[in-house]
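What follows is a short report on a single structure.
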Protein chains: 2
Amino acid sequence: MDLSQYSLVYNSLSFGIATFGAATAFFWLNRSQVDSRYRTAITISGIVTLVAFYHYFRMFESLGSAFEVKGAKVSETGVPFNDAYRYVDWLLTVPLLVTELILVMGLSAAETRSRVVSLGGAAVLMILLGYPGEVATDSGTRWLWWALSMVPFLYIVYTLYTGLGESISRQPEAAKGLIELARNVTIVSWCFYPIVFILPMIGIAAAGSINPYVQVGYTISDIIAKAGYGVLIYQIAVAKSAAHVDHAVAA
Amino acid sequence: MDLSQYSLVYNSLSFGIATFGAATAFFWLNRSQVDSRYRTAITISGIVTLVAFYHYFRMFESLGSAFEVKGAKVSETGVPFNDAYRYVDWLLTVPLLVTELILVMGLSAAETRSRVVSLGGAAVLMILLGYPGEVATDSGTRWLWWALSMVPFLYIVYTLYTGLGESISRQPEAAKGLIELARNVTIVSWCFYPIVFILPMIGIAAAGSINPYVQVGYTISDIIAKAGYGVLIYQIAVAKSAAHVDHAVAA
């Protein structure tokens with residue numbers, strides 16, 4: 001990596017720390033602005049960004065140990081950059097992101113539980129299957145685990161479109177559009193990950209100890225899928241809380 | 001840099017850390033003093049100062065790594081000072097500053113959303129266009145990006161004066177003057193940035209790895225535009241909350 005690539009990774013990780021810290025403060029402070037039945041979804045939005053804040057802090061520190069900068073020269077110190085932080089982060093946060101969306105829909109307790117178990121379980125499986133490919137250096141192994149990881153990924157996308165689509169039609173009018181948007185943001189932002197994953201396999205970014213384009217790509221995806229998505233969940237909760245109040249006043 | 005210039009930058013960054021930490025505590029502790037419809041604006045005021053607190057802390061640490069002081073002698077260590085922290089900070093905080101002003105006006109949900117998107121988007125564009133100029137060393141490149149960055153800047157100023165001016169006339173009497181003041185503080189304090197930016201281009205401050213006048217200029221601008229402005233937003237929220245109470249008592 002040259003200095004400009006190193007600086008790009010360095011500053012994007014720092015941007016992640018600041019964004020996730022800011023998002024956590026927002027969710028937890030403004031949790032009281034929504035009806036109590038949607039507060040668990042907002043609590044979880046803040047937990048997701050706090051976990052991401054922690055892991056971005058660790059990655060920033062890990063980058064600082066792995067490289068030494070003198071003037072315009074960037075050299076490796078020999079201490080490895082710990083890329084596993086991303087997967088440990090996803091293992092915790094991805095099932096929680098699915099849970100946020102299900103909780104803010106306010107389904108019955110039984111439907112909530114069954115959807116959290118099936119979609120959350122598929123999310124865990126998707127991350128576990130992606131990791132052996134991420135740490136592999138040869139393209140064949142990367143493609144194998146990528147393909148295996150795509151199975152639960154496609155199951156999640158399919159379920160979000162069909163199963164959840166049916167539940168969306170039962171939502172209050174004010175929240176319907178926002179929930180559809182949240183579902184589509186989930187699908188589109190999640191699609192970035194398998195695309196970023198294959199960048200080194202199609203020669204756009206060289207495979208190596210640390211790939212600046214992969215790092216920046218994952219960082220942008222994380223910010224949209226966690227902080228941006230959480231703001232959307234918050235807006236759904238605000239819209240649904242207002243719908244309840246209107247309903248109570250009208251009744 | 002000689003010792004007095006180094007100390008000036010060092011102490012102004014530390015002053016920034018203390019001010020932004022104090023401002024964050026003020027906004028979040030006193031958030032409960034305003035009506036619930038203005039609390040999101042106060043939450044965001046505190047998020048802006050927390051993000052600035054983080055970046056001033058990072059810049060302070062970066063300055064310490066970039067220079068070594070022995071007696072009256074200041075020498076560079078070879079580790080570069082990371083000036084990008086300012087731009088990463090602005091990328092996050094400037095759209096949020098615009099959002100604060102729009103939220104405290106209490107416009108309709110649709111008008112709020114469209115104004116946040118257009119003014120926030122212009123703010124992001126303004127910061128992104130400024131950065132290539134900031135890191136350039138020759139005056140021609142600096143002027144080019146400065147001029148490009150001034151396009152969204154002027155759009156924001158124009159919109160604050162005309163579009164928002166019309167909405168201000170609909171505000172309650174007690175808050176009208178304060179909102180006008182907040183809008184004018186936004187415009188005047190934001191004008192400092194393009195002026196500080198051109199200091200090295202007009203020979204007032206030498207371009208170099210770190211420019212003490214630019215650093216102190218940006219720090220003063222940040223304190224006015226973030227902490228000072230946030231206090232103004234808080235006062236508007238207090239005045240509007242009192243106007244609601246008066247209205248409720250009179251009804």
(request) Counting only heavy atoms closer than 4.5 Å, note whether B/Val79 contacts chain A via side chain, backbone, both or neither. (result)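 For B/Val79, backbone and side chain are both near chain A.
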Interchain contact, B/Asp89 with chain A, by part (heavy-atom threshold 4.5 Å)
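Neither part; nothing is under 4.5 Å.
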(Q) Minimum heavy-atom separation for B/Val51 and A/Ala18, please, with both atom names. (A)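 Nearest pair, atom of B/Val51 first, then A/Ala18: CG2-O, 4.2 Å.
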Check your understanding: Ignoring hydrogens and geometry, is there a side-chain-to-backbone donor-acceptor pair from B/Arg58 to A/Ser14 under 3.5 Å?
Key ->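 Looks like no, no N/O pair under 3.5 Å.
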So, taking the atom named [atom1] in [X] and the one named [atom2] in [Y], what distance separates them when rounded to the nearest 0.5 Å?
X	Y	atom1	atom2	value
A/Tyr234	B/Thr40	OH	OG1	4.0 Å
A/Asn30	B/Ile47	CG	CD1	7.5 Å
A/Phe15	B/Leu92	CZ	CG	4.5 Å

Does [atom1] belonging to [X] count more than 12 external heavy atoms closer than 6.0 Å?
X	atom1	answer
B/Phe57	CZ	no
B/Phe60	CZ	yes
B/Tyr10	OH	no

- Item | Residue part contacting chain B, namely of A/Ser32, when any heavy atom lies under 4.5 Å |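 Side chain of A/Ser32 only, per the 4.5 Å heavy-atom cut-off to chain B.
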Open item on the list: Between B/Phe27 and A/Leu29, is the side chain to side chain contact (heavy atoms under 4.5 Å, CB included) condition met? List the steps.
Closed with: CA-CA 11 Å; B/Phe27 297 134; A/Leu29 284 165; over 6 Å; no
